[in-house]
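For reference, the structure is listed below as structure tokens.
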Amino acid sequence: MPRTMPSSISNRKVAKSAPPVKPAAFRSALLGWYDAHARVLPWRARGGKTADPYHVWLSEVMLQQTTVQAVIPYFGKFVDKWPRVQNLAAAQDDEVMHAWAGLGYYARARNLLKCARVVAETHSGVFPDTVDTLKSLPGIGDYTAAAVAAIAFNRVETVIDGNVDRVVSRWFAIETPLPDSKPEIRAQAKTLFEHKGSDRPGDFAQAMMDLGATICIPQNPRCDLCPVSKGCQGRAKGIAAELPRRKPKAAQPRRAGYVYWIENERGEILFETRPGRGLLGGMVGLPTSDWVGWPAGQRKWPEIDHKGGHISAMKIADDNSMKSDLKIRHTFTHFDLELRGVLAKVKTRSFKITDDQFWVPATEITALGLPTVFRKFTRLMDGT
DNA sequence: TGTCCACGTCT
DNA sequence: AAGACGTGGAC
């Protein structure tokens, strides 16, 4: 371990007059740390090889708003099923939605397939290597374009994800709350990413994100292990752990509804493919009522019109039952949902279903590829 | 239990 | 350009 001054003394000095940030020193310290501590991830090149652009793109889309741990098994599944972008481009829509089930933000899967088809058809299966062209592809925005250009093509780009926001906010002690601090974070990040002599842009981008994911973590940052703690102004001011500040968010609204478990005389359960856009777009799910707003603080289960939504068209049999213990809760991005189960046994002959609905043998439900909100309920029903 | 992460992209 | 869009894990 290198000898260090007592932190209380050095911190006090730095806090009075923060030293000018030296991007070159930051860069070499961070890259040195990365060489020793880079996470080993299935989409990363090893031993000085260049990463496969298809792997980089696929992983980066999966990593949008999603943790590495959740992504790893899905990445393996996709690469096994579709080893090259041309294979993915040739896949059926429902195969891809099925493979994506559980990962969330299902618009990503729809755009992933669209993007694969554009790359296969109009780019001869070769990923474009510039930010501007990448950004023109479906599902690729500022972050993913910069990440792919830097990591797969070693282009000098400023790659800003949530990790980088945090590292930069702390290093420069940016106290303005997000999202107002966005322009300042970008400007400061640029001084690190696009410094003269940026010879390993892909590694540098990944190093910044690894640092944010493993050392400069949201709570209780491990400054003792940080390769760039010495120049960190947030640490010097003793506020690193509080950064980045954020504007307070409004409390999530609540919604409630019924989920229908409709069984026919063969023991099959009714499922449906949801509309192609919007919430859980293109995914398979159980039929439900509409989900109605439920003001925060209200204790009583809200009135839900059983005749609204799907239920009227279905003419649930008289022996339907509602069990209050068949209840699941699920948090979406912008609301909390509580669903109660309604059980019904119907005769196929007298029960009309829509074009989007189909019967599934109970034993095949797990193979269906359901979004988590519905998997929670099917697990309740089969006791697992 | 509830809060945060989680700016990422599209509309 | 503000709101829509999932999930699971840490604490």
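All values reported here derive from a predicted model rather than from experimental measurement. Numbers restart at 1 for each chain; the letters A, B, ... are given by sequence-line order, proteins then strands.
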Practice item. Quote, to the nearest angstrom, the P distance that separates B/dT9 from C/dG8. Key: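 Nearest-Å result for B/dT9 against C/dG8 at atom P: 22 Å.
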Review point. When rounded to the nearest Å, what value does the distance between P atoms of C/dG6 and B/dG2 take?
Key: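 Taking atom P in both C/dG6 and B/dG2, they lie 22 Å apart.
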Touch class at under 4.0 angstrom, heavy-atom based, for [X] against every strand present:
X: A/Arg186; answer: nothing
X: A/Leu280; answer: sugar-phosphate
X: A/Asn111; answer: sugar-phosphate
X: A/Gly102; answer: sugar-phosphate

Between [options], spot the one nearest the side chain of [X], thanks.
X: A/Gln65; options: B/dC5, C/dT7, C/dG6; answer: C/dG6
X: A/Tyr106; options: B/dC7, C/dT7, C/dC5; answer: C/dT7
X: A/Thr144; options: B/dT9, C/dC5, C/dG8; answer: B/dT9
X: A/Lys182; options: C/dG8, B/dT9, B/dC7; answer: B/dC7

To the nearest Å, how far apart are [X] [atom1] and [N] [atom2]?
X: A/Ile140; N: B/dC10; atom1: CD1; atom2: C1'; answer: 14 Å
X: A/Lys247; N: B/dC5; atom1: NZ; atom2: C1'; answer: 19 Å
X: A/Asp142; N: B/dT9; atom1: CG; atom2: P; answer: 6 Å
X: A/His334; N: B/dA6; atom1: NE2; atom2: P; answer: 20 Å
X: A/Met62; N: B/dA6; atom1: CE; atom2: C1'; answer: 18 Å
X: A/Arg108; N: C/dT7; atom1: CZ; atom2: P; answer: 10 Å
X: A/Asp161; N: B/dC5; atom1: CG; atom2: P; answer: 14 Å
X: A/Phe374; N: C/dG6; atom1: CZ; atom2: C1'; answer: 13 Å

Exercise for review: Answer with yes or no whether the hydrophobic clustering places A/Tyr258 together with A/Val292; edges join I, L, V, M, F, W, Y residues whose side-chain heavy atoms lie under 4.5 Å apart.
Suggested key: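 Linked within one cluster.
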Ignoring hydrogens and geometry beyond distance, is a side-chain donor-acceptor pair present between [X] and [Y] at under 3.5 Å?
X: A/Gln206; Y: A/Asp210; value: no
X: A/Gln64; Y: A/Arg108; value: no
X: A/Thr130; Y: A/Thr133; value: yes

Does [N] have its OP1 or OP2 closer than 4.0 Å to a side-chain nitrogen or oxygen of [X]?
X: A/Arg329; N: B/dG2; answer: yes
X: A/His330; N: C/dG6; answer: no
X: A/Arg166; N: B/dA6; answer: yes

Check your understanding: Thinking salt bridges, do A/Arg254 and A/Asp336 make one under a 4.0 Å N-O criterion?
Key ->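 So A/Arg254 does not pair with A/Asp336 through a salt bridge.
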Paired with [N]: which nucleotide, if any, by Watson-Crick or G-U wobble criteria at under 3.5 Å for both distances?
N: C/dG6; result: none
N: C/dC11; result: B/dG2
N: B/dC7; result: none

Would you kindly check whether a donor in the side chain of [X] faces an acceptor in the base of [N], or vice versa, at under 3.5 angstrom?
X: A/Tyr105; N: C/dG6; answer: yes
X: A/Thr333; N: C/dG6; answer: yes
X: A/Thr66; N: C/dG6; answer: yes

Exercise for review: Give me the ring orientation class for A/Phe271 and A/Phe358: parallel if the planes are under 30° apart, tilted from 30 to 60°, perpendicular past 60°.
Suggested key: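 Ring orientation of A/Phe271 relative to A/Phe358: parallel.
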Check your understanding: How do A/Arg246 and A/Gln64 order along DNA chain B: which one's closest nucleotide is nearer the 5' end?
Key ->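 Checking each residue's closest nucleotide, the 5'-ward one belongs to A/Arg246.
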**Study point:** Position toward the 5' end of DNA chain B (nearest nucleotide), A/Leu137 or A/Thr67
**Key:**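 With A/Leu137 and A/Thr67 compared, the 5'-side residue is A/Thr67.
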**Study point:** Along DNA chain C (nearest heavy atom to each residue), the more 5'-positioned of A/Gln69 and A/Ala107
**Key:**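 Final value for this comparison: A/Ala107.
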Practice item. Take A/Thr331 and A/Gln219, find for each the nucleotide of DNA chain C with the closest heavy atom, and name the residue whose nucleotide sits nearer the 5' end. Key: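 Taking each residue's closest nucleotide, the earlier one in sequence belongs to A/Thr331.
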Review point. What about A/Phe332 and A/His330, are their ring centers closer than 6.0 Å?
Key: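 Yes, the ring of A/Phe332 comes within the 6.0 Å limit of the ring of A/His330, centre to centre.
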